[in-house]
Protein chains: 2
Amino acid sequence: MPRVSKEQTDLNRTAIEQASSKLFREKGFNGVSVADLMAAAGLTHGGFYGHFSSKDELAAVACATAFSEASERWQKRMQGKADEQQALHAIIDGYLSSQKVRDVGNGCPGAALTTDVAREPLDKPVRAAYMAGTEELVEILTALSPSPDPAVRRKTALAQWSMMVGAMALARATEGYPIANELLAVAREQLLGDITA
Amino acid sequence: MPRVSKEQTDLNRTAIEQASSKLFREKGFNGVSVADLMAAAGLTHGGFYGHFSSKDELAAVACATAFSEASERWQKRMQGKADEQQALHAIIDGYLSSQKVRDVGNGCPGAALTTDVAREPLDKPVRAAYMAGTEELVEILTALSPSPDPAVRRKTALAQWSMMVGAMALARATEGYPIANELLAVAREQLLGDITA
DNA sequence: TGTACATCAGTGAACGCGCGTTCACTGATGTAC
DNA sequence: TGTACATCAGTGAACGCGCGTTCACTGATGTAC
């Protein structure tokens, strides 16, 4: 039953993007096939190239989608918080949860895709997408820094970002061992302690 | 010209391990084929299963090898340093170099293999190898912490480790953009500043 | 508004290719006398 | 020490399989009258 309404076509494309955004984070770019992605979107593999020119192109789109989702998640956590300190607290606390260790598919693409992106050639579109997404999240952290000096705010945000990504990536790789929880706890303590102090 | 002396057999096995240790870090477990690994060791693919029972088993061995190399590299950097503070300085400074961003194959496996290991099932041997290697490096950092309290030393080491791995992984993923160097610089500043302070 | 037809989103078979692993074979190494 | 032979590390063809991508086809959608 081919040919589908324009609305359905858009829905299908969105479904592919969202399935990819999730599956790429879980299994990496090379860990999921085009057929897997299409099946997860409820379609068959042949129609893929009607939506995207290559798997590479989709990787970039899915990466951007994942960062957008993360950004929205952060915005949502900030809502209703009394001040910047509490907003930052909510973001970091939500980020470094042991639940997120297991749920890579709905977690931060910054931590889930690092090495995948790092292994792509420098001119691949996914690299630009990853970098833009990173800046988007660092921007949010920067806005929440208490310092009046913009340079210090930026530095604080970048240091927080490195620690958040590092602790989460390491906790995932050491999942099941005591050190995984230690890493999360120490990062939380250090990052939240810095805020309160 | 098959059948080779026992000494040569050992040399060949070591060559496979070292080539794998490097290539897995560069391209990931799924990014290199058994044939690639054997070719890099100067052999043909068929002989692989005389040395290892599977690619999975080799992944664990290569992971352990990479961490051992890293540990030795750290020990070497510590040599001749006047005190713990200077030794720690040397390790961190060497770790966060922009040269290491490009030379993944000779860099820290902790940062190079995070997501690869995180995607392996919990019972795979490579996970135990990664965890043991992590503990090995964290141990070194712990020994260099200035605090008299063992719990504090451990926490300091874990926080440093998260920051080092996070900054390096992110710098690699954003290589070529200004933020890559920013991330390295900020992490260095924060980690080395903590020492001096 | 109804009808006739062109469009084109999605299907599934097929393509060439590279993967992890197996295996019959080779011939230098190692050993038994 | 020299010789005859068994061993087995390494070779390369072959296996079944899944990959990214292409393409002829289908039939509901969208359009022109």
Side-chain angles (χ1 to χ4, degrees), chain A residues 1-21 23-24 26-63 116-117 119-121 123-126, chain B residues 1-21 23-24 26-63 116-117 119-121 123-126:
Chain A
M1 52 207 96
R3 179 110 215 224
V4 123
S5 72
K6 275 204 166 111
E7 291 78 27
Q8 189 56 52
T9 303
D10 285 351
L11 287 176
N12 286 347
R13 188 189 159 99
T14 303
I16 299 170
E17 288 173 9
Q18 296 205 328
S20 308
S21 154
L23 286 170
F24 279 148
E26 284 177 4
K27 303 169 189 266
F29 297 140
N30 291 332
V32 212
S33 68
V34 169
D36 290 338
L37 296 170
M38 292 298 277
L43 299 165
T44 54
H45 67 277
F48 178 80
Y49 295 88
H51 290 287
F52 304 95
S53 68
S54 67
K55 199 188 176 191
D56 263 7
E57 192 205 326
L58 174 63
V61 173
C63 183
D116 287 85
V117 172
R119 281 170 195 145
E120 295 285 325
D123 57 354
K124 284 285 174 77
V126 72
Chain B
M1 52 208 94
R3 181 112 212 221
V4 123
S5 73
K6 275 205 165 113
E7 292 77 27
Q8 189 57 53
T9 303
D10 285 352
L11 287 176
N12 286 347
R13 189 190 157 99
T14 304
I16 299 169
E17 288 174 8
Q18 295 205 327
S20 306
S21 154
L23 286 170
F24 279 148
E26 285 177 2
K27 304 171 189 267
F29 297 140
N30 291 333
V32 212
S33 68
V34 169
D36 290 338
L37 297 170
M38 292 299 277
L43 299 164
T44 54
H45 67 277
F48 179 80
Y49 296 87
H51 290 287
F52 304 95
S53 67
S54 66
K55 199 188 175 189
D56 263 7
E57 191 206 327
L58 174 62
V61 173
C63 184
D116 288 84
V117 172
R119 282 170 195 145
E120 294 285 324
D123 56 356
K124 284 284 172 80
V126 71

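Here is the naming used below: chain letters follow the sequence lines, and residue numbers restart at 1 for every chain. In what follows, every heavy atom counts, from backbone to side chain, and hydrogens, waters and symmetry copies are set aside.
Nearest nucleotide to the side chain of B:Val4, out of D:dG10, C:dG10, C:dT21: D:dG10. Picking from D:dG20, D:dT11, D:dA13 the nucleotide with the shortest atom distance to the side chain of A:Val34 gives D:dG20. With D:dG30, C:dT21, D:dT21 as the candidates, the nucleotide lying closest to the side chain of A:Ser54 is D:dT21. With D:dA13, D:dG20, D:dT11 as the choices, the nucleotide that has an atom nearest any side-chain atom of B:His45 turns out to be D:dA13. Each of C:dG12, D:dT11, D:dT21 was ranked by its minimum atom distance to the side chain of A:Tyr49; first place goes to D:dT21. The side chain of B:Ser33 sits closest to C:dC19 out of C:dC19, C:dT21, D:dG30. Side-chain proximity of A:Arg3 to C:dT7, D:dG10, D:dC8: nearest is C:dT7.
Residues A:Val32 and A:Leu23 come closest through the heavy atom pair CG2-O, 3.5 Å. Closest of all the heavy-atom pairs between A:Ala62 and A:Glu17 is CB-O, 4.3 Å. What you find for A:Ser20 and A:Leu58 is that their closest heavy atoms are OG-CD2, 3.2 Å. Listed here is the closest heavy atom pair of A:Val126 and A:Ala59: CG2-O, 3.7 Å.
Using a 4.5 Å heavy-atom cutoff, the side chains of A:Ile16 and A:Phe52 are in contact. A 4.5 Å side-chain heavy-atom check between B:Thr44 and B:Met38 finds every atom pair outside the cut-off. A 4.5 Å side-chain heavy-atom check between B:Arg119 and B:Phe29 finds every atom pair outside the cut-off. Side-chain contact check for B:Phe48 versus B:Leu43: every heavy-atom pair is 4.5 Å or farther apart.
Taking a 6.0 Å sphere around NZ of A:Lys55, one finds it holds more than 12 heavy atoms contributed by other residues, nucleotides or ligands.
Rounded to a whole Å, the CG atom of A:Asp56 is 11 Å from the P atom of D:dG20. As rounded to whole Å, 8 Å separates atom P of C:dG20 from atom CG of B:Asn30. Taking atom CE of B:Met38 as the reference point, atom C1' of C:dG18 lies 17 Å away to the nearest angstrom. For the pair A:Leu37 CG and D:dG20 P, the computed distance is 8 Å after rounding to whole Å. In this structure, CG of B:Leu43 is placed 19 Å from P of D:dC8, rounded to the nearest angstrom. Counting to the nearest Å, the P atom of C:dG18 and the NZ atom of B:Lys27 are 14 Å from each other. One interatomic measurement links the two molecules: NE2 of A:His51 to C1' of C:dC8, which rounds to 11 Å at whole-angstrom precision.
Judged by closest nucleotide on DNA chain C, B:Asp36 is the one of B:Ser5 and B:Asp36 placed further toward the 5' end. In this structure, B:Ala35 and B:Glu7 both approach DNA chain C, and ranking their closest nucleotides by distance from the 5' end singles out B:Ala35.
Looking at DNA chain C, the stems built from 3 or more consecutive Watson-Crick or G-U wobble pairs, each pair with its key distances under 3.5 Å, are C:2-33 with D:2-33.
Counted by atom type alone, A:Thr9 and A:Asn12 present zero donor-acceptor pairs between their side chains at under 3.5 Å.
For DNA chain C, the neighbouring residues in residues 8-19 of chain A, judged by any heavy atom under 4.0 Å, are A:Thr9, A:Asn12.
At a threshold of 4.0 angstrom between heavy atoms, the contacts of A:Gly50 with the nucleic acid are absent.
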